[in-house]
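Worksheet for the structure shown next.
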Amino acid sequence: MKQLIAAFSLLFLVISATAVASSFNARFAFLDKNMDGKISITEAKKDKEVMKQFSDLDVNNDEMISKKEFEAFKP
């Protein structure tokens, strides 16, 4: 029984992680209008929360948020 509970717990964690990743990818894709793999300041203006954190997310100060940088986004 303990093994069954552990297996279901692990399955739940995997499904949860997949859902979060899908949500992340969908939000990034929605903002990346020109599909260059980065979110510019102009593109970020479509999302107030991203815009508020833009300077913190843009770690390398290139005025673009890469997918890697976007991973740090906390709404």
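Excluded from the calculations below are hydrogen atoms, water molecules and symmetry mates; all remaining heavy atoms, backbone and side chain alike, are included.
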Stepwise side chain to side chain contact (heavy atoms under 4.5 Å, CB included) check, Val50 with Glu43: CA-CA 10 Å; Val50 172; Glu43 292 169 325; over 6 Å; no
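In this view, Ser66 and Lys68, Glu69 satisfy the side-chain contact (heavy atoms from CB on, under 4.5 Å) rule, not counting sequence neighbours. For the ring-ring contact (aromatic ring centres under 6.0 Å, His included) test, residues two or more places apart in sequence or in another chain that qualify with Phe73 are Phe70. When the side-chain contact (heavy atoms from CB on, under 4.5 Å) test is applied to Lys67, the partners found at least two apart in sequence or on another chain are Phe28. In terms of the side chain to side chain donor-acceptor pair (under 3.5 Å) criterion, Asp32 has no residue partners (sequence neighbours excluded).
Connection of Val59 to Ile41 is not established within any shared hydrophobic cluster, with ILVMFWY side chains joined at heavy-atom distances below 4.5 Å, either directly or through further cluster members.
Applying the salt bridge (charged side-chain N to carboxylate O under 4.0 Å, His left out) test to residues at least two apart or on different chains, the pairs with a partner in residues 47-64 are Arg27-Asp47, Glu49-Lys52. Note on residues 36-69: no pairs pass ring pair (Phe, Tyr, Trp, His ring centres under 6.0 Å), not counting sequence neighbours.
In this structure, the side chains of Ile39 and Leu57 stay at 4.5 Å or more apart for every pair of heavy atoms.
Remark: Lys33 NZ is packed, more than 12 non-hydrogen atoms of other residues, nucleotides or ligands lying under 6.0 Å away.
The structure places CG of Leu31 at 12.0 Å from OG1 of Thr42, a figure rounded to the nearest 0.5 Å.
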